[in-house]
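Read the numbers this way: they start at 1 and go in the same order the structure lists the ligands and their atoms. None of these values were measured; they are calculated from a predicted model. Hydrogens, waters and symmetry mates play no part in the numbers below; they use all other heavy atoms, side chains included.
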Amino acid sequence: MTKKADIGVTGLAVMGRNLARNLARHGHAVALHNRSETRTRELVEQFGDEGEFLPTYSAREFVDALERPRKLVIMVKAGEPTDAVIEEFAPLLEPGDVIVDAGNAHFADTRRREAALRERGLHFVGTGVSGGEEGALHGPSIMPGGSAESYESLGPLLESISAKVDGDPCCTHVGPDGAGHFVKMVHNGIEYSDMQLIAESFDLLRGALGYEPAQIADVFRTWNSGRLESYLIEITAEVLGHTDAATGKPFVDVVADQAEQKGTGRWTVQIGLDLGQPITGIAEATFARSLSGHADLRASARGLAGPTRAPLSGSDADRFADDVEQALYASKVVAYAQGFNQILAGGAEYGWDIDLGAVASIWRGGCIIRARFLNDIRAAYEAEPGLQTLLTSGGFRKAVEDAQDAWRSVVSTAVRLGIPTPGFSTALAYYDALRAERLPAALVQGQRDYFGAHTYRRVDREGVFHTEWAAEGRPERSA
Ligand code: 6PG
């Protein structure tokens with residue numbers, strides 16, 4: 001009998017190809033399939049010596065090449081192409097087989113697909129995979145959802161190809177049905193937030209100190225040896241240090257300043273609104289990208305007056321880079337705190353029991369937001385599983401409290417110099433709103449009651465009340 005494959009990959013564009021190679025390099029026999037045969041042949045020609053590949057050229061052949069329970073990974077464009085591929089393969093599978101969607105699918109689609117395939121006796125595992133092309137090949141962070149049963153056979157394979165930190169695989173069963181794609185979505189939302197905060201730091205160092213990109217690259221390099229150590233800070237230094245070959249100018253100055261997005265950050269914000277989660281950092285980062293893309297609007301407003309952007313001088317200037325480091329750190333803590341709370345809220349809404357410490361743990365390596373301080377986040381949730389917000393957890397609390405003067409000074413400098421810092425500003429506003437004894441939400445309730453009889457609750461008595469605003473003496477009644 002011919003040897004069967006441990007797992008199959010269909011969709012051999014760069015992500016699928018790299019995942020297949022990663023699996024083969026870890027000793028798993030991998031069946032290959034792609035809509036056009038060329039990609040399958042090319043993979044075997046170029047990388048056939050890396051491990052055991054079983055090229056197949058039809059859906060039937062692909063399915064027959066797989067050891068049972070079959071595990072087939074779909075790596076195609078999210079949306080309709082995924083449904084099309086599922087429909088191509090599902091009729092050929094048998095109960096207990098596992099279809100894995102490793103693309104950036106919307107978790108609601110994953111829930112729908114999982115439920116439909118479960119009816120047919122098949123497991124459907126939507127899994128987040130982070131780390132880009134390089135990660136897929138050398139060790140991504142993997143966030144699988146789906147049934148616990150499917151993880152029994154699939155988990156060891158995924159864990160073997162994931163990144164490792166201190167010997168721990170950056171892969172865990174996140175939770176049932178769409179939990180994996182939900183967590184990946186929030187990962188990307190945090191990614192947006194983190195990138196925006198870093199970009200604002202760059203803008204501040206340039207606008208307030210007059211630093212050139214290469215100098216700022218050095219500042220980021222220094223930061224990367226401290227508590228901010230992370231992949232995103234590391235690549236920021238690389239990007240800022242790069243010179244455009246054609247013009248000799250800093251690379252960052254020849255790139256059009258319009259940030260694009262494929263949609264996962266937007267999804268995070270949309271779901272945040274649905275869940276009533278104040279993920280303000282992710283929202284501001286998403287809006288900052290869309291604002292940057294409004295070229296005509298920006299052109300029409302470019303001449304509007306602003307303050308003179310005179311660089312800082314003297315002791316203010318000497319302190320500023322360090323202050324920005326502190327503001328960045330504090331704002332990052334807020335961004336991650338908001339993201340983890342969104343995961344908690346998603347878990348409560350959809351009945352997933354997500355272990356936030358485990359999520360922090362698998363984000364420590366392989367993924368785009370991998371960072372030293374995820375160790376601290378993991379420790380915070382391990383020490384206090386019911387933690388309401390990272391901001392009140394021991395080490396973070398102290399670090400943010402210690403940073404707050406610098407944070408406030410950076411935001412006020414930005415306002416004074418007219419440098420837009422929506423990420424820093426909203427993070428600080430969130431911090432101040434959370435710690436406030438009273439919020440002006442009380443006045444909003446009063447306004448709502450005045451114009452719409454929307455009622456309010458009181459601080460001193462149980463119940464729901466309405467004031468008869470038009471009546472003499474404005475009597476209050478229980479509503
Ligand atoms: C990852 C990345 C990956 C992709 C983003 C880019 O975790 O490996 O997040 O998924 O690069 O989706 O997203 P935008 O195009 O929306 O910036």
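For the pair Arg370 and Tyr231, the cation-pi criterion (under 6.0 Å, within 45° of the ring axis) is fulfilled. For the pair Arg227 and Tyr329, the distance from NZ or CZ to the six-membered ring centre is under 6.0 Å and the angle to the ring normal is within 45 degrees.
Of the candidates Arg289, Glu191, Glu260, it is Arg289 that places a heavy atom closest to atom 17 (O) of ligand 1. Within the set Lys262, Lys184, Met185, the minimum heavy-atom distance to atom 3 (C) of ligand 1 is found for Lys184.
For ligand 1, one of its N or O atoms has an N or O atom of Ser130 under 3.5 Å away. For Gly132, a nitrogen or oxygen atom sits less than 3.5 Å from a nitrogen or oxygen atom of ligand 1, counting backbone and side chain alike.
Not a single protein heavy atom sits closer than 4.0 Å to atom 11 (O) of ligand 1.
With values rounded to the nearest 0.5 angstrom, Phe47 atom CZ is found 9.5 Å from Glu42 atom CD. With rounding to the nearest 0.5 Å, the separation of CZ in Phe424 from CH2 in Trp407 is 9.5 Å.
Interface atoms of ligand 1 facing Ile368, defined by a heavy-atom separation under 4.0 Å, are 1 (C), 2 (C), 7 (O), 8 (O). Residue His187 has at least one heavy-atom neighbour below 4.0 Å for each of these atoms of ligand 1: 7 (O). Those atoms of ligand 1 with a heavy atom of Gly131 less than 4.0 angstrom away are 1 (C), 7 (O), 8 (O). Near Asn104, meaning under 4.0 Å from any of its heavy atoms, are these atoms of ligand 1: 10 (O), 12 (O). Atoms of ligand 1 found under 4.0 Å from any heavy atom of Asn188, numbered from 1 in the order shown, are 5 (C), 7 (O), 9 (O), 10 (O), 12 (O). Distances below 4.0 Å separate heavy atoms of Gly263 from the following atoms of ligand 1: 16 (O).
With respect to atom 16 (O) of ligand 1, the closest heavy atom belonging to the protein is Tyr192 OH, 2.4 Å.
Remark: Arg408 does not engage Asp323 in a salt bridge, criterion side-chain N to carboxylate O under 4.0 Å. Checked for salt-bridge contact, Arg112 and Asp177 miss the test: no charged N lies under 4.0 Å from a carboxylate O.
Aromatic ring orientation, Phe220 versus Trp223: perpendicular (interplanar angle above 60°, classes split at 30° and 60°).
Remark: the backbone N or O of Glu133 is not paired with any side-chain donor or acceptor of His138 at under 3.5 angstrom.
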